[in-house]
Q: 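I have a structure I would like to understand better, so I am pasting it below and will then ask my questions one at a time.
Bear in mind that the values here come from a model prediction, so they are computed numbers and not experimental data. Letters A, B, ... are given to chains in the order of the sequence lines, protein chains preceding strands, and every chain is numbered from 1.
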Protein chains: 2
Amino acid sequence: MDDWLAEIRRAVEARDQRLTPQRQVVLQVLAAGGDHHLSAEEIHEQARIRQPDIGLATVYRTLELFEDLGVVSRLEVGGETRFELNRERDLHYHHHLICLNCGRIQEFREDLLDEVERRVEGETGFTIIDHNLRFFGYCRHCRGRKKS
Amino acid sequence: MDDWLAEIRRAVEARDQRLTPQRQVVLQVLAAGGDHHLSAEEIHEQARIRQPDIGLATVYRTLELFEDLGVVSRLEVGGETRFELNRERDLHYHHHLICLNCGRIQEFREDLLDEVERRVEGETGFTIIDHNLRFFGYCRHCRGRKKS
DNA sequence: ATGCCTGCAAACATTTTGCATAGCG
DNA sequence: CGCTATGCAAAATGTTTGCAGGCAT
């Protein structure tokens, strides 16, 4: 099961860097967060439960490292950045649904975008590396009531 | 031709607000920007050419108003927010291609997303109001050379 | 010892807010 | 007048950086 952690450790050490306790804690927090997309501040808060004097800057630096490694990806929403663990290989094909009322973010897996991507490349001459699709609306719970 | 401006004036006045000189200048700047997506700072800079003592806060407040009215939309990219005028009615169906090298943003019109949207609504119970699709890659000019 | 890592605080960039004043209707 | 709008400066956010010390090889 910690094949997972071991793999990340290998990737980190391949860059002559270390999977320190702080970095592991950040991973644990992200993993425990499930499908939640946490802000740096929230990750920091959670991390402090296990590692009381971890600094916010360390969290940011850690997230940056993990993003470089492809372990984590960032999602900019409403002026702040939220982070998620990339659990599968097919991270390319998952999109976000953002509730305009409660702010909750859920995910959706989908593979219909390849076609669109190819059309865009053909028509514009742009070489596409990645995409990012977000839907805004109201989740099941917030349906009907716009304020809450 | 200024059917356009008149329409916005009507929308503003319908809220018991006014289309002041400052607000008009912001509109002019956005209109002159063509397909460019300007940051608040850039809009402020341009606006000052015509209206030297317009304040940055006014620009922000104006952009907020116009966003409420659906006249302007915002695009968050790389930690900063960029603004664009919604020229057509079908603003729903235009997406952005962001060059990872030079940062230039171009647009692409597309209507293939309705299908995806309906599938998402069916499978998740989410009510979708809007979406936002961005492609990241290299534009024609930056192809090949990743640094420049 | 020589690296990478860390916490802290300061620096930064962007956006928002408070307030006194100005200006339209 | 009453109410919206403005400029300015201060405050609030969110993120990055510099640095002195710490820790693991």
Side-chain angles (χ1 to χ4, degrees), chain A residues 8-29 37-69 71-84 103, chain B residues 8-29 37-69 71-84 103:
Chain A
I8 292 176
R9 158 163 285 121
R10 239 174 288 126
V12 172
E13 291 176 350
R15 301 169 44 135
D16 287 308
Q17 291 181 262
R18 297 174 216 151
L19 194 54
T20 62
Q22 287 89 335
R23 288 173 181 173
Q24 292 182 50
V25 168
V26 169
L27 280 176
Q28 286 167 20
V29 168
H37 296 70
L38 304 162
S39 66
E41 204 86 47
E42 287 167 347
I43 293 167
H44 183 216
E45 230 169 79
Q46 292 298 314
R48 276 217 274 199
I49 295 170
R50 285 158 159 155
Q51 185 91 47
D53 55 1
I54 186 174
L56 181 55
T58 298
V59 171
Y60 274 107
R61 284 183 286 228
T62 299
L63 291 166
E64 193 189 358
L65 166 64
F66 287 154
E67 197 192 6
D68 276 10
L69 293 174
V71 170
V72 152
S73 54
R74 70 175 60 213
L75 177 68
E76 288 167 11
V77 38
E80 75 181 345
T81 308
R82 296 185 158 268
F83 299 85
E84 71 180 326
Chain B
I8 293 175
R9 158 163 284 124
R10 240 173 287 126
V12 172
E13 292 176 350
R15 300 168 47 133
D16 287 307
Q17 289 180 265
R18 297 173 215 152
L19 193 55
T20 62
Q22 288 90 335
R23 288 173 180 172
Q24 292 182 51
V25 167
V26 169
L27 280 176
Q28 286 167 20
V29 168
H37 296 70
L38 304 162
S39 66
E41 202 86 48
E42 286 166 347
I43 293 166
H44 183 217
E45 229 171 79
Q46 292 298 314
R48 274 218 275 200
I49 295 170
R50 286 158 159 155
Q51 186 90 46
D53 55 2
I54 185 175
L56 181 54
T58 298
V59 171
Y60 275 106
R61 285 184 283 229
T62 299
L63 290 167
E64 193 190 357
L65 166 64
F66 287 154
E67 198 193 5
D68 276 9
L69 293 174
V71 170
V72 152
S73 53
R74 69 174 62 212
L75 179 67
E76 287 167 13
V77 39
E80 75 179 345
T81 308
R82 297 186 158 269
F83 299 86
E84 72 181 326

Q: Assign A:T81 to base, sugar-phosphate, or nothing according to its heavy-atom contacts below 4.0 angstrom with the strands shown.
A: sugar-phosphate
Q: Within the modelled atom types, does a donor on one side and an acceptor on the other bring the side chain of A:R61 and the base of D:dG18 under 3.5 Å apart?
A: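 Side chain to base: pair present.
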Q: OH of B:Y60 versus C1' of D:dA10: gap in Å, rounded?
A: 16 Å
Q: Send over the distance from A:F66 CZ to C:dC5 C1', rounded to a whole Å.
A: 13 Å
Q: Would you list the atom pairs, donor with acceptor, under 3.5 Å between side chains in residues 56-63 of chain B and any protein atom, with sequence neighbours excluded?
A:
from: B:T62; atom 1: OG1; to: B:T58; atom 2: O; distance (Å): 2.7

Q: Taking atom P of D:dA5 as reference, at what distance in whole Å does atom CG of B:L63 sit?
A: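 So the two atoms are 15 Å apart, to the nearest Å.
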Q: Starting from P on D:dT15, measure out to CD on A:E41 and report it in whole angstrom.
A: 8 Å
Q: Kindly give the heavy-atom pair with the smallest separation between A:R23 and A:R18, and that separation in Å.
A: NH1-O, 2.8 Å
Q: Rounded to the nearest angstrom, tell me the gap between atom CD in A:E80 and atom P in C:dT16.
A: 13 Å
Q: Report yes if some heavy atom in the side chain of B:H37 is under 4.5 Å from a heavy atom in the side chain of B:V77; otherwise report no.
A: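 The answer is no; the side chains never approach within 4.5 Å.
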Q: Check the distance between D:dT4's C1' and B:D68's CG and give it to me in whole angstrom.
A: 16 Å
Q: Just to be sure I understand the geometry, which residues of residues 10-17 of chain A put a non-hydrogen atom under 4.0 Å away from DNA chain C?
A: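 Residues of residues 10-17 of chain A under 4.0 Å from DNA chain C: A:D16, A:Q17.
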Q: Using a heavy-atom distance cut-off of less than 4.0 Å, which residues of residues 47-58 of chain A contact DNA chain D?
A: A:L56, A:A57
Q: Send over the distance from B:E64 CD to D:dT4 P, rounded to a whole Å.
A: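 The distance from CD of B:E64 to P of D:dT4 comes to 15 Å, rounded to the nearest Å.
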Q: Is there side-chain contact between A:L75 and A:E84, with heavy atoms separated by less than 4.5 Å?
A: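 No; the side chains remain at least 4.5 Å from each other.
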Q: Measure the distance from CZ on A:R18 to C1' on C:dT2 and round it to the nearest whole Å.
A: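 Nearest whole value for this atom pair: 10 Å.
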